[in-house]
Amino acid sequence: MSASTKILLGGLSSPAAARLIQALSGAGYGVLRAESGVEILREVQHESPSLLLLDLDSPVIDPMNVCRRIKADYAARPVMVLYLADAARAREAHADTFTEPDGYIAPSISHEEFLERIASFLRIHSAERSLHQHAERLSAITAIQQEIAAAAPDQESIMKLAVSRAQQLTRADGAAVELVEGDEIVYRSASGSVASHVGKRLRVGMSFSGLAIRTDEILRCDDAHTDPRVDQTECREGSIRSLVVVPLRHQYNSIGALKVLSSRSRAFDDADIQTLQLVAHFMSAAINQAVAFGAKQALLAEHTRTIVALRESEERFRSAFDYAAIGMALVATSGKWMKVNRTLCEIVGYAEGDFRSLYFHSLTHPDDVADHQARLRGLLAGESGAFQMEARFLHRSGSVVWVFLSVSLLRDGKGKPLYFIAQIQNITERKRADEQVKSSLREKEVLLKEIHHRVKNNLQVISSLLRLQSGYVKDEAAKELFRESQNRVRSMALIHQKLYQSQDLARIDFNEYLLSLLAMLFRSYGAHAGTINLETHVDPVFLDIDTAIPVGLLVNELASNSLKYAFPENRCGTIRIDFRAVGHDEFVLALRDDGIGLPGDFDLDKVLTLGLRLVKILTSQLGGTLTFHRNGGTGFTVTFKEQKEKEKKLSHV
């Protein structure tokens, strides 16, 4: 243990203090000592010890008041408070208080046991501080993502915000965004010690950033005085000892880099690199959106110019159209009347305003509808340029009016049909409304698929963050909690992935999903699962997302329990999962193993483990029943009904 781990002894009697100082110093801890409450608070403020040991029976301090002050006034600077007292004495002292210490150590224990207790509390303290720092970092990164999104589509604001926040989060002396222009990289935005570099240009092949861009890899230099990859002369002149460069991407191309610098060697750790990677990702996404926004703006401007030109042409056409001696009309490819002249109104007996609610087939004799539609389809297919025929129209009074109908189709420069031009025209084209509905449905399907894709990506980001954080946790129990949380998140992400890949966006093939989920769980538990045989019997069932997610989580929890506990010491065995449809909307999920079974005193109603509590909650959410048995191993059965849409709404109120 390094002497940088400080332990403060407060209010201890001289013999006790001497004994503890000797034991702790011999174990390599940095030992501090304070005799009064004021001294203790001052040492906590200035020295930031990891642990404070107070004598509960001290004649010179009020240890409970000191503990209360520290918990209230130094919450942002956490220190673990322990009492030197046995368990009975500690419980007696805190029977009527609201602020309790983090633990106690009996004064009568041996040196070896005393040091082991101290080491155990310090490990807990380290884990708590690590989680606290990680939560603060995640909160800061989330805020940055929101700020960058709010700054879009202004690229300059995005880059200024990114360098400012990157410098703050990594405690760097300076930060910069460099973008590629030809064979050069240009400082587009910078802060701190390199703020004056904006506009500076370097050859891509002659810089550390250029190396990161060319290789598309994150590069870290811990000491610029010894690293051959950097320009050591320039680093010495700029007082740069360490730096990190993260490439920026637009679609599939590297467009630049986000860089942070420090005058200290080894100033950046793996957590800083992960933070910079996320900031770079957010910034790249925002820049991509800004580029897309600019392209849409240019396209809109071009469309506006085209519309102006069309309006000028329409003005010239309108005069000749309105006063023609024969009936004329413009008809949309959907069959809707776009414009009719006065002569056509006289022929069919309708006022011009009446046409707004009519389609072409509204005026066509029923016996001619099929023939008209066939000819129109021929025009749209390019089989002919125009057709002429005698036709029967229905007058408003109900009488039949025969007209000579001449119809041609106008196309744009790319050959796309625009509208029909008719002389006494009323040819019915089948409503394009169906096509419009299909197009709208395709758009909604694309949007819904994108939503599922983004939810899946966000859940995978959370899963990755849990996996990354678990790498910093040494305690195996805590690491297992991270893995269980990661499996739960991945089981939900898998639902959205399957929906994204499915043709039916409302329901999921549960057999396919269950097999993927179980394969994922077996990979997660690796070597242990290699001795276990899996049997599945799943009916071909499709479930909606509101049912599939809780059922998937149920399978995750029950299968994980079997994989973890049913087969200790690499015992061989079998896990069997049945999922059956009973009737129209009732289902039975059964999971059983032939492992060592549940303890004899197991009581499902009094279970305290998070996994089985979650199983009970999920069963309740499904409105189902949960049973278990111990015959030849362990088995759980969940029976539930798929909720109707109305029941789901009521259950969510």
Side-chain angles (χ1 to χ4, degrees), residues 2 4 133 137 140-141 144 148 155-156 158-250 252-284 287 468 471-472:
S2 171
S4 61
Q133 292 170 357
R137 188 181 291 268
I141 289 173
I144 290 171
I148 289 177
Q155 292 190 48
E156 294 299 323
I158 293 169
M159 290 186 289
K160 287 181 180 179
L161 185 61
V163 297
S164 173
R165 296 298 183 264
Q167 180 182 346
Q168 292 174 6
L169 283 178
T170 60
R171 305 164 305 284
D173 296 329
V177 171
E178 302 166 306
L179 297 185
V180 176
E181 293 185 6
D183 60 352
E184 294 181 323
I185 54 176
V186 184
Y187 278 77
R188 286 291 302 274
S189 186
S191 64
S193 61
V194 291
S196 61
H197 285 29
V198 174
K200 182 178 178 180
R201 293 176 176 268
L202 296 171
R203 302 280 293 183
V204 172
M206 300 175 61
S207 70
F208 192 57
S209 296
L211 178 61
I213 293 169
R214 293 198 312 273
T215 60
D216 193 27
E217 294 181 354
I218 299 173
L219 299 182
R220 177 172 71 185
C221 169
D222 289 328
D223 192 343
H225 290 180
T226 59
D227 195 328
R229 299 175 298 174
V230 302
D231 187 332
Q232 296 179 1
T233 301
E234 182 178 354
C235 287
R236 285 192 176 91
E237 293 175 353
S239 299
I240 299 170
R241 287 296 298 273
S242 55
L243 62 158
V244 175
V245 179
V246 180
L248 301 174
R249 298 184 64 80
H250 172 59
Y252 299 102
N253 301 315
S254 293
I255 61 172
L258 173 64
K259 178 168 67 178
V260 292
L261 314 96
S262 175
S263 59
R264 297 172 288 111
S265 62
R266 301 187 181 279
F268 307 109
D269 56 21
D270 291 343
D272 293 323
I273 290 178
Q274 293 168 11
T275 298
L276 290 172
Q277 197 172 6
L278 288 173
V279 173
H281 172 74
F282 298 149
M283 183 173 64
S284 296
I287 290 177
L468 291 172
Y472 294 93

From [X] atom [atom1] to [Y] atom [atom2], the distance as rounded to the nearest 0.5 Å:
{"X": "Ile185", "Y": "Ser209", "atom1": "CD1", "atom2": "OG", "value": "4.5 Å"}
{"X": "Ile240", "Y": "Asp223", "atom1": "CD1", "atom2": "CG", "value": "12.5 Å"}
{"X": "Asp270", "Y": "Gln277", "atom1": "CG", "atom2": "CD", "value": "11.0 Å"}
{"X": "Arg188", "Y": "Glu181", "atom1": "CZ", "atom2": "CD", "value": "6.5 Å"}
{"X": "Glu184", "Y": "Ser207", "atom1": "CD", "atom2": "OG", "value": "10.5 Å"}
{"X": "Ile273", "Y": "Leu278", "atom1": "CD1", "atom2": "CG", "value": "12.5 Å"}

[X] side chain near [Y] side chain, heavy-atom distance below 4.5 Å:
{"X": "Ile218", "Y": "Pro247", "answer": "yes"}
{"X": "Val177", "Y": "Leu248", "answer": "yes"}
{"X": "Val186", "Y": "Leu179", "answer": "no"}
{"X": "Asp173", "Y": "Leu261", "answer": "no"}
{"X": "His225", "Y": "Arg241", "answer": "yes"}

Using modelled atom types and a 3.5 Å cut-off, is there a donor and acceptor pairing between side-chain atoms of [X] and backbone atoms of [Y]?
{"X": "Asp272", "Y": "Asp269", "value": "yes"}
{"X": "Arg220", "Y": "Phe268", "value": "yes"}
{"X": "Ser262", "Y": "Ala172", "value": "no"}
{"X": "Arg201", "Y": "Gly199", "value": "no"}
{"X": "Ser164", "Y": "Lys160", "value": "no"}
{"X": "Gln167", "Y": "Val260", "value": "no"}

Should the heavy atoms of other residues, nucleotides or ligands under 6.0 Å from CZ of Arg266 be counted, would the total exceed 12? no
Given salt bridge (Lys or Arg N to Asp or Glu O under 4.0 Å), test Glu234 with Lys200 step by step and report yes or no. CA-CA 14 Å; Glu234 182 178 354; Lys200 182 178 178 180; 3.1 Å; yes
Would you name the heavy atoms of [X] and [Y] that are closest together and state the gap between them?
{"X": "Ala175", "Y": "Val194", "answer": "O-CG2, 3.5 Å"}
{"X": "Ala212", "Y": "Leu219", "answer": "N-CD1, 3.5 Å"}
{"X": "Val198", "Y": "Ala195", "answer": "CG2-O, 3.5 Å"}
{"X": "Leu276", "Y": "Ala166", "answer": "CD2-CB, 3.7 Å"}
{"X": "Val230", "Y": "Cys221", "answer": "CG1-SG, 4.1 Å"}
{"X": "Arg229", "Y": "Leu211", "answer": "CD-CD2, 4.2 Å"}

Do the charged groups of Asp183 and Arg203 touch, with an N to O distance under 4.0 Å?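 Salt bridge between Asp183 and Arg203, a charged N being under 4.0 Å from a carboxylate O: yes.
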